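The next block holds one structure in the form of structure tokens; read it before the comments.
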Amino acid sequence: MSATDHTPTPAAPAKPFRLFRRGPWENVATIVIAAGVIMLMQPFSIELYGWSFLTTLIGTAMFIIVSKFPD
Amino acid sequence: MTETSTVSHLARGAAEATPEPVARRVRGLSDRAIAWVFIAPTIILLLAINIFPLIWTIQLSFTNYRANRPNAAVTNVGVEHYSNILSDPDVWHSMQVTAHFVLWTIVIQTVLGFALAYLIDRKFRGHGFWTTVILIPMMLSPAVVGNFWKFLYQPQIGLFNYIVGFFTGMDPSSFQMIGDVRLAPWSIIIVDTWMWTPYVMLICLAGLRSIPDYIYEAAEVDRASAWRQFWSITLPMAMPFIMLAVLFRGIENFKMFDLVNLLTSGGPGSTTEVASITLKREAFEKWRTGYSSAFAIILFVTVFGLANIYVKALNRVKSR
């Protein structure tokens, strides 16, 4: 067994926790947009249909904002 | 003559052709300013034909403006049009008609498009010729396709009814694709599928061709069956492309106007009245410009939201 076998592998530097990361927030915005579109076109509740535009608008605005976040 | 010398020759020619006062003025500009001079016409054109109408439509959506009464007093009605549209059962019905159309066209086109791509990817004899034949409908103008299919759907002389009659034994004049309440939505779905399945096929084909052969070779070594290879390699690796096709067709069909207008004009009754047909009726038959502007903004925000998801999916495919 050589000496190098015991050399501990340097641990990858831990990424600092960041709340505002693009990936997860873009996923949230995508879900909100998709929910808004489904609410707009579903045949079950006119109440949901009434709130669809606001939901899509919020999702779209959110998407535009969060797409500027760092990765 | 090399490319560099050709370019310098052309540049010298352009410099000689430029009038002296203009040349003196341009010589005094920085690189950044010259870049702006070149870009400015495009930006002005974009502002004039895209941004200005959008801002104007947003403004009109909050007023009672009617385009057929340009001199009438215009008053601000706030979000009244938005709340009316979002509580109107007729508009809700048109959204459901749109949903029915979008859902079925996506399902059928994706299944058929992927199946065709899978077949074409086998590279059989004459596959190039058949690819071209399959792509022809996509290259036609929707106006041509609409009129062409309206003729095909004629109950007395139309080829479609004759073929259905030939295979089912029905009398060709016993049913009307466009005039029947139950069949009219399907007549549009059939035409859209005929026209746009080749597009889905092309995207799926790009996905299938991007799968490296060594993955299949490794699967062969592991004695994976053709069925197993399809479910574990082909489908997952082509999935981002399929999603891209679904999103693109979803957005396009949500905005569908031309084919529906030419084939059924929203009829019979309101069975094929998709959102864009309702919008046209409100804007140019009832002349409720403010109301239709609000409706257009609702559709715009929906399509814009979907387009964001589309761009995200596209970036994911590109990064593969």
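In this text, all values refer to a predicted model and were calculated from it rather than measured experimentally. Quick note on labels: first sequence line is chain A, next is B, and so on, each numbered from 1.
Each of A:Leu40, A:Val32, A:Leu57 has some count of heavy-atom pairs under 4.5 Å with chain B, and the biggest count is that of A:Leu40.
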Chain A and chain B: which donor-acceptor pairs fall below 3.5 Å?
residue: A:Asn27; atom: OD1; partner: B:Lys312; partner atom: NZ; Å: 2.5
residue: A:Gln42; atom: O; partner: B:Trp92; partner atom: NE1; Å: 3.0
residue: A:Tyr49; atom: OH; partner: B:Ile85; partner atom: O; Å: 3.0

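Heavy-atom neighbours of A:Met39 CE from other residues, nucleotides or ligands within 6.0 Å: above the threshold of 12. Shown here is B:Phe257, whose CZ atom has more than 12 heavy atoms of other residues, nucleotides or ligands within 6.0 Å.
Residue B:Leu306 touches chain A through both its backbone and its side chain, counting heavy-atom pairs closer than 4.5 Å.
Nearest approach of A:Phe53 to B:Leu86, heavy atoms of both residues: CB-CD1, 3.7 Å. The shortest non-hydrogen separation linking A:Met41 to B:Val102 is CE-CG2, 4.3 Å. Scanning both residues, A:Ile64 and B:Phe304, for their nearest heavy atoms gives CD1-CE2, 3.6 Å.
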